[in-house]
Amino acid sequence: MHCTRNLLYFFYTCGTMAPTYRDATINSVEATATVSGSTGGGRDEKGNVYFFPDVSVSIGYWFDNEGVPSSDWDTHFKAQLWINGEQVGKKQDLSAGGPQTYTFFAHKFPAAGTYKVEVRGKNSKSVDVTIKNPPVQEKKAAQ
C-alpha cells in the first residue's frame, strides 16, 4: 500500500507528461462569414466574396492531425494568424477525429481594402480578403 501511494504521489506531482505543442501543418485556408446568413458582405459582379469593415470574418483553416488521435489530450497544434505581414493572433488546438481538423480565427478588418491573410504553422497558407464599404442607403423624402 505504501509503495502504491508513493507511486501515485510521484505520478501526480512530477511524473505527468507536459503537453506537447507542435506547429500545425496547414492544409488550406478560407474566409467566410462568422455567422451563417450574415449580411456583413456579399459578392461582386464577378462572384468574388467581400466583407464589410468591422464585421467579424472567420479565417478558417484545415490542419493535418499527423496521426495524433483525438483522445490524445497532451498534443496541441499551434497556428498563427498574420494579416499584411503582421501577427494578429495565435491559438492552440487539439486534433479532431480523422486525418484533419478544421478550426478558425475570428477577425474584424477596420477599413476597406484587400488584405493578405496567412495562417502559419510548419508552413503557411494564405488568402486575399476584400473589405468594401457598405452601400449607402438613400433616404426617401416623406410624402
Side-chain angles (χ1 to χ4, degrees), residues 4-143:
T4 303
R5 188 173 22 192
N6 286 343
L7 184 59
L8 288 173
Y9 175 78
F10 174 79
F11 180 76
Y12 285 114
T13 58
C14 53
T16 58
M17 291 180 51
T20 302
Y21 298 94
R22 296 184 190 187
D23 287 330
T25 300
I26 310 302
N27 295 331
S28 64
V29 64
E30 65 183 359
T32 59
T34 296
V35 178
S36 180
S38 169
T39 59
R43 291 188 181 269
D44 65 16
E45 59 281 350
K46 294 180 182 176
N48 299 318
V49 176
Y50 64 86
F51 303 95
F52 297 143
D54 295 319
V55 171
S56 187
V57 176
S58 290
I59 310 302
Y61 63 98
W62 287 95
F63 68 86
D64 191 319
N65 289 344
E66 300 178 0
V68 175
S70 59
S71 61
D72 183 350
W73 290 82
D74 290 327
T75 303
H76 299 261
F77 291 92
K78 301 181 301 179
Q80 302 169 0
L81 178 64
W82 291 72
I83 297 178
N84 290 343
E86 181 180 332
Q87 183 181 344
V88 297
K90 59 184 177 178
K91 65 187 300 192
Q92 302 165 357
D93 289 295
L94 297 169
S95 66
Q100 299 184 76
T101 296
Y102 183 83
T103 188
F104 66 94
F105 289 95
H107 185 76
K108 291 182 179 181
F109 295 86
T114 299
Y115 297 83
K116 181 179 180 183
V117 177
E118 295 176 271
V119 177
R120 296 181 184 176
K122 282 184 182 177
N123 61 330
S124 177
K125 296 287 183 177
S126 65
V127 64
D128 288 336
V129 175
T130 301
I131 306 298
K132 293 184 176 187
N133 288 320
V136 176
Q137 303 269 334
E138 292 184 26
K139 293 184 179 182
K140 293 183 180 181
Q143 304 218 355

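Only heavy atoms go into these numbers, but all of them, side chains included; no hydrogens, no water, no symmetry mates. For clarity, every value in this text was computed on a predicted model and none was experimentally measured. In what follows, residues are counted from 1 in the order of the sequence shown.
- Pairing each heavy atom of Q92 with each of Y21, the nearest pair is OE1-CE2, 3.2 Å.
- Looking at residues two or more places apart in sequence or on another chain, you find no ring pair (Phe, Tyr, Trp, His ring centres under 6.0 Å) involving F51.
- In this structure, the side chains of W73 and L94 come closer than 4.5 Å at one or more pairs of heavy atoms.
- Judged purely by distance below 3.5 Å, without hydrogens or angles, the side chains of D74 and T20 never pair a donor atom with an acceptor atom.
- Taking the side chain as every heavy atom from C-beta outward, P19 and H76 approach each other to under 4.5 Å.
- Cation-pi check for K132 over F52 is not met; the charged atom does not lie both under 6.0 angstrom from the ring centroid and within 45 degrees of its normal.
- The salt bridge (Lys or Arg N to Asp or Glu O under 4.0 Å) check on E30 picks up nothing, with sequence neighbours excluded.
- No donor-acceptor pair closer than 3.5 Å links the side chain of S126 to the backbone N or O of V117.
- For the residue pair P69 and S95, the shortest heavy atom distance occurs at O-OG, 3.3 Å.
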Determine, step by step, whether I83 and K116 satisfy the side chain to side chain contact (heavy atoms under 4.5 Å, CB included) criterion, reporting the C-alpha distance in whole Å, the side-chain angles of both residues, the deciding distance to 0.1 Å, and the verdict. CA-CA 6 Å; I83 297 178; K116 181 179 180 183; over 6 Å; no
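- For the residue pair V119 and I59, the shortest heavy atom distance occurs at CG2-CG2, 4.0 Å.
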Which is it for V57 and H107 under the side chain to side chain contact (heavy atoms under 4.5 Å, CB included) test, yes or no, and what are the steps along the way? CA-CA 5 Å; V57 176; H107 185 76; 5.6 Å; no
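- Note that CZ of F105 is 5.0 Å distant from CG of L81, once rounded to the nearest 0.5 Å.
- Side chain to side chain, Q100 and N65 fail the donor-acceptor criterion of an N or O pair below 3.5 Å.
- Nearest heavy atoms, P53 versus A112: CG-N, 4.1 Å.
- Summarising the geometry, atom OH belonging to Y50 is positioned 7.5 Å from atom CG belonging to D44; distances are rounded to the nearest 0.5 Å.
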I'd like to know whether F77 forms a side chain to side chain contact (heavy atoms under 4.5 Å, CB included) with T103, so could you lay out the CA-CA distance, the side-chain angles of the two residues, the decisive distance to 0.1 Å, and finally the verdict. CA-CA 11 Å; F77 291 92; T103 188; over 6 Å; no
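- When every heavy atom of N123 is checked against every heavy atom of A24, the shortest pair comes out as OD1-O, 3.8 Å.
- Interatomic distance, CZ of R120 versus NZ of K125, reported as 14.0 Å (0.5 Å rounding).
- Ring geometry for F109 against Y115 counts as tilted: the plane angle lies between 30° and 60°, on a 0 to 90° scale.
- Of all heavy-atom pairs spanning V49 and T130, the tightest one is O-CB, 4.1 Å.
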Kindly determine whether E66 and R22 satisfy salt bridge (charged side-chain N to carboxylate O under 4.0 Å, His left out), including the steps that lead there. CA-CA 10 Å; E66 300 178 0; R22 296 184 190 187; 2.9 Å; yes
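- Counting only residues at least two apart or in different chains, salt bridge (Lys or Arg N to Asp or Glu O under 4.0 Å) contacts with residues 98-108 are absent.
- Here F104 and Y61 keep their ring centres 6.0 angstrom or further from each other.
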